[in-house]
Amino acid sequence: MSGKRIKRKQTRLLNVYLWISSCFLLSSSPVFSEPLTLHQAIETALQSNLQMVKAEMDADYAQKQVQLEKRAWHPKWQVALHADTEQSKTLTHRDHGSTAGLTPSMVFHSVLGTEINLQATQNMTRGQTPQSHTLWQVTVEQPLLKGLSPKVNKASLISAKHQKKLTKKQQEETQDLVILTVIQHYVNLHTLRQTKQLQVQHLKNQESFQAVMSKKIEMGRMAELDGMMQALYLQRLQSSIQQTDRSLEKMKADLGTLIVVSLSQTEDISPLKSTFDELYPENHYLEKAKHYHLKAIEWDMDYLKQEKAILEDNQLWDLRLKGIFSVGRSHYRFDQDGLDFNPDLHNHARQRNYVGLFLNVPLSKDHRLELAKYQNLSWQHKRRLDYENKMMTLEMQVKNGYDQIAYWASQKNLALRAQMIAQKTLTIEEQKYLAGRSSALEWENAQASELQAAIDVLSTEMGLFLAHAELDYLCGLLHETWHAYV
């Protein structure tokens, strides 16, 4: 079976396994009834998320592939059994006989392409002159031009090791992506929970004030229109809370699917940190990002250079030195009169030594080899362009991520100042309204502004939180620094 067919079969089996695993995990996922912390969410996702499961399986497969390629350099044992019938005719008589034998052998390979074959053949011959003899043979074959480089002889192992490094890198990237996605979902869930709490608390305050307004309307100290406007405001507020509830349930379902845990019974989540350590200089993050994102491209470029050397080696003439050294020994011999103890026949030894040069000269070009060289050069050019483009992109992304942290920090300060002003304005408008110096509309606008100011503070805090996490993700640090966010 070809390598491509094996790979497709393994891919199909992996997809079937992941589908069965997803059905099993989703049907038997644990249920959180206590407040869910960000630490619990990330830990659970790293253990159960299907992307992480697939990444770990890919890494295990790449490791086993390397081990399999290394076995090609181990000595190989093999045993062959043979049996045949011979008929020979001479001028004096016709000889019929059968031969059976056992041939164990061991083959060694070196990084310079040397192949050493140690072989021992034990034959038993039956006929008019039955006998038994043993043949010891050593065959040495050494390429002199083509196939002499260690890179050429270890091409499959080099490819497997390269794939192992890439798979390990992809596993880290998957881990970072899963962590960032969990943080984003958790922050959105936290924002919705806090927003709902602000809305519910605001609703309670307004319901209490509505009771006061109702008494004043009954006493004739307030107009009924004010009561109608307050009732409409409460209805809008209740509708907003219902919309927040729907968004909250959807976000809980999304986060539960991500970490393969049911959050249907989770009524609360733990608070998030609101302060962070001072940032390093921007160049620090740029160097980290370059080291993280350009590493795989550098590996590819190095591998393509090795592949180019292998392709150039295949264009050389195939010149080989081959030597065969053998010794045969007959142990005993029988004739028609019985056992012959003639010393000249007993334990008779034969030697056969051979050394030769073999030259294989291709008479036409291998167009497939030419196409492979062209593809190799094309890929090298593409990866160099990818390297340069990634360098420029990373500089812009790191600068933007660094600026986003400064932006959200300033927005948080502005939101806190706006919240303080909104609270004072609400107090003034409430007093003016109760004293009859302003309308209900002005007072309702002040209430809505105070609620929106509180929500804006929450949004800027969460924006700052995500900006830190996204910068660490961009620099490939999130799988190491995520503990600082919990």
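Nothing here was measured: the structure is a model prediction, and the numbers come from that model.
Applying the side chain to side chain donor-acceptor pair (under 3.5 Å) rule to K196 yields the partners D245; only residues at least two apart in sequence or on another chain are considered. Applying the side-chain contact (heavy atoms from CB on, under 4.5 Å) rule to T37 yields the partners H39, Q40, S270; only residues at least two apart in sequence or on another chain are considered. Residues passing the side-chain contact (heavy atoms from CB on, under 4.5 Å) test with E395 are L286, K290, sequence neighbours excluded. For H468, the ring pair (Phe, Tyr, Trp, His ring centres under 6.0 Å) partners two or more places apart in sequence, or in a different chain, are F276. Take M106 and apply the side-chain contact (heavy atoms from CB on, under 4.5 Å) test, not counting sequence neighbours, and it matches P75, W77, F108. Residues passing the side-chain contact (heavy atoms from CB on, under 4.5 Å) test with E141 are R320, K322, sequence neighbours excluded. Residues satisfying the side chain to side chain donor-acceptor pair (under 3.5 Å) criterion with K70, sequence neighbours excluded, are absent altogether.
Remark: K252 engages E249 in a salt bridge, criterion side-chain N to carboxylate O under 4.0 Å. The pair D386-K382 meets the salt-bridge criterion, since a charged nitrogen lies less than 4.0 angstrom from a carboxylate oxygen.
The environment of CG in D277 is sparse: at most 12 heavy-atom neighbours from other residues, nucleotides or ligands sit within 6.0 Å. For H381, the NE2 atom is loosely surrounded, since the number of other residues' heavy atoms within 6.0 Å does not exceed 12. Within a 6.0 Å sphere centred on NE2 of H367, heavy atoms belonging to other residues, nucleotides or ligands number 12 at most.
Identified under the salt bridge (Lys or Arg N to Asp or Glu O under 4.0 Å) test for residues 424-438, with sequence neighbours left out: E429-K432. Pairs passing the salt bridge (Lys or Arg N to Asp or Glu O under 4.0 Å) check and including a residue from residues 401-421, sequence neighbours excluded, read K399-D403.
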Begin from the C-alpha positions of T425 and E450 and carry the test side chain to side chain contact (heavy atoms under 4.5 Å, CB included) through to its verdict.
-> CA-CA 8 Å; T425 302; E450 193 272 337; over 6 Å; no

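The aromatic rings of W443 and F209 sit tilted, their planes meeting at an angle between 30° and 60°.
Without hydrogens or angle criteria, S239 side chain to Q235 main chain gives no donor-acceptor distance under 3.5 Å.
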Which donor-acceptor pairs under 3.5 Å do the side chains of residues 296-313 make with protein atoms, sequence neighbours left out?
from	atom 1	to	atom 2	distance (Å)
E298	OE2	Y387	OH	3.4
D300	OD1	H162	NE2	2.9
D300	OD2	R383	NE	3.4
D300	OD2	R383	NH2	3.0
D302	OD2	Q306	NE2	3.1
Y303	OH	S159	OG	3.4
E307	OE1	N376	ND2	2.7
D313	OD1	G147	N	2.9
D313	OD2	G147	N	3.3

Which donor-acceptor pairs under 3.5 Å do side chains of residues 451-466 form with protein atoms, sequence neighbours excluded?
from	atom 1	to	atom 2	distance (Å)
Q452	NE2	D456	OD1	3.0
S459	OG	I455	O	3.0
T460	OG1	D456	O	3.1
T460	OG1	V457	O	2.8

Residues 164-184 side chain polar contacts: donor-acceptor under 3.5 Å, at least two apart:
from	atom 1	to	atom 2	distance (Å)
K164	NZ	Q63	OE1	2.5
T167	OG1	Q163	O	2.7
K169	NZ	E173	OE2	2.8
K169	NZ	Y292	O	2.9
T174	OG1	Q170	O	2.8
D176	OD1	H479	N	2.8
D176	OD1	H479	ND1	2.9
D176	OD2	Y292	OH	3.1
D176	OD2	H479	ND1	3.3
T181	OG1	L177	O	2.7

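Under 3.5 Å, the side chains of E470 and Q397 contain no donor-acceptor pair of N or O atoms.
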